[in-house]
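What follows is a set of notes on a single structure, which appears directly below.
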Amino acid sequence: MTRADLPEATAETLRGGPRRRRPRTGAVGRGVPLPLLVPALIGLAFLIVPLVALLVRAPWRSMPEQLTSADVWQALQLSLVCATAATAVSLVLGVPLAWMLARVEFPGRGLVRALVTLPLVLPPVVGGVALLMALGRNGVVGKWLDAWFGITLPFTTAGVVVAEAFVAMPFLVISVEGTLRAADPRYEEAATTLGASRFTAFRRVTLPLIAPGIAAGAVLAWARALGEFGATITFAGNFPGRTQTMPLAVYLALQSDPEAAVALSLVLLAVSVAVLAGLRDRWMTAG
């Protein structure tokens, strides 16, 4: 008896069951309802056209001169230093906070998580005003910092770092907390049963597991800190060489030298594209 003599159903069983057919993917736009296609294309154009216009109107011939001026390099250097410092602060404070939200059960955890993520939706100017009320010379905490330690944060470079960390840390916390929730806690439990303390288990077991999430959150926090404007200008002011970061320099240049503003905007655009390219494997690929 040959395989050809078997019934079709039996032959399919021997082959491992009926073959599943993959859904056919038609040409672009085929089968897409027009009421959905038209708004989708308009939305795509709405997001892309401004970026293309920035590239079209860029002063490419004078770009080297614009980007090599002393003021631009001063603002760029200050932005890089402050964004990196704000990211370091976010790592030191945000990773333990994310671990607490993901691993520790306590009353009001949902409220705490909501307060942590509030700067994501809070207008940056409001965040700057809140920082002034808290850390200003007459603020709730700032007056004691000034009286006891002589520390004054508003309108200083340290104030820029504080403002940027305030708006950037939630990005890190959300990323790390999501990674912690996806990680299996049994590895930590196994380490503690073998005699390791909770901190040792966190340092030797948990941190290596969530390292990709920490890296992604740090990149997001750094990019958010680099582009911060509202809280920075409200809490730290706009003083060249001391608190004037790249976004503030763009705003100031737009009033007097639009070509310089476009050139500076292209630098920030390039940084944003680089961040998206670095996170592409994490966000834009299916598991």
If you measure from [atom1] on [X] to [atom2] on [Y], what distance do you get to the nearest 0.5 Å?
X      : Y      : atom1 : atom2 : value
Met169 : Leu91  : CE    : CG    : 9.0 Å
Phe149 : Trp144 : CZ    : CH2   : 11.5 Å
Leu41  : Leu37  : CG    : CG    : 4.5 Å
Leu44  : Ile48  : CG    : CD1   : 3.5 Å
Asn238 : Thr245 : CG    : OG1   : 7.5 Å
Leu97  : Ser90  : CG    : OG    : 10.5 Å

Any side-chain heavy atom of [X] within less than 4.5 Å of one from [Y]?
X      : Y      : answer
Asp146 : Ile151 : no
Val176 : Trp99  : no
Val140 : Met133 : no
Trp60  : Leu55  : yes
Ile214 : Thr179 : no
Pro33  : Leu36  : yes
Glu228 : Pro247 : no
Thr243 : Thr232 : no

Chi angles and distances behind the side chain to side chain contact (heavy atoms under 4.5 Å, CB included) call for Val219, Phe171: CA-CA 9 Å; Val219 172; Phe171 289 88; over 6 Å; no
Is there a path of hydrophobic side-chain contacts, each under 4.5 Å between heavy atoms of I/L/V/M/F/W/Y residues, joining [Y] to [X]?
X      : Y      : value
Leu269 : Leu248 : no
Leu254 : Val262 : no
Met246 : Leu80  : yes
Leu101 : Leu207 : yes
Val126 : Leu115 : no

Evaluation steps, side chain to side chain contact (heavy atoms under 4.5 Å, CB included), between Leu34 and Val38: CA-CA 6 Å; Leu34 190 62; Val38 172; 3.6 Å; yes
Of all heavy-atom pairs between [X] and [Y], which one has the smallest distance, and what is that distance?
X      : Y      : result
Val89  : Ala165 : CG1-CB, 4.2 Å
Ser79  : Leu226 : CB-CD1, 3.6 Å
Ala236 : Thr156 : CB-O, 4.0 Å
Ala86  : Ala225 : CB-CB, 4.2 Å
Gln244 : Leu252 : NE2-CD2, 3.3 Å
Leu131 : Ala163 : CD1-CA, 3.7 Å

Answer yes or no: is there a donor N or O on one side and an acceptor on the other, between the side chain of [X] and the main chain of [Y], under 3.5 Å?
X      : Y      : value
Thr192 : Glu189 : yes
Arg103 : Leu180 : yes
Gln74  : Gln77  : no
Ser175 : Ala216 : no
Arg137 : Lys143 : no

Residues, nucleotides or ligands: over 12 heavy atoms within 6.0 Å of [X] [atom1]:
X      : atom1 : result
Arg204 : CZ    : no
Arg203 : CZ    : yes
Tyr187 : OH    : no
Phe46  : CZ    : no

Arg57 vs Glu259, salt bridge (charged side-chain N to carboxylate O under 4.0 Å, His left out): CA-CA, chis, key distance, verdict: CA-CA 9 Å; Arg57 292 298 182 90; Glu259 289 190 353; over 6 Å; no
Pair Thr200, Ser197: side-chain N/O donor-acceptor within cut-off below 3.5 Å: yes
Worked check of side chain to side chain contact (heavy atoms under 4.5 Å, CB included) between Ile174 and Leu120: CA-CA 10 Å; Ile174 288 178; Leu120 292 175; 3.1 Å; yes
Side chain to side chain contact (heavy atoms under 4.5 Å, CB included) evaluation trace for Leu266 with Leu54: CA-CA 8 Å; Leu266 285 177; Leu54 191 64; 3.9 Å; yes
Any residue meeting ring pair (Phe, Tyr, Trp, His ring centres under 6.0 Å) with Tyr251, in chain and number order, not counting sequence neighbours: Phe229
NZ/NE/NH1/NH2 to OD/OE distance under 4.0 Å, Arg224 and Glu164: no
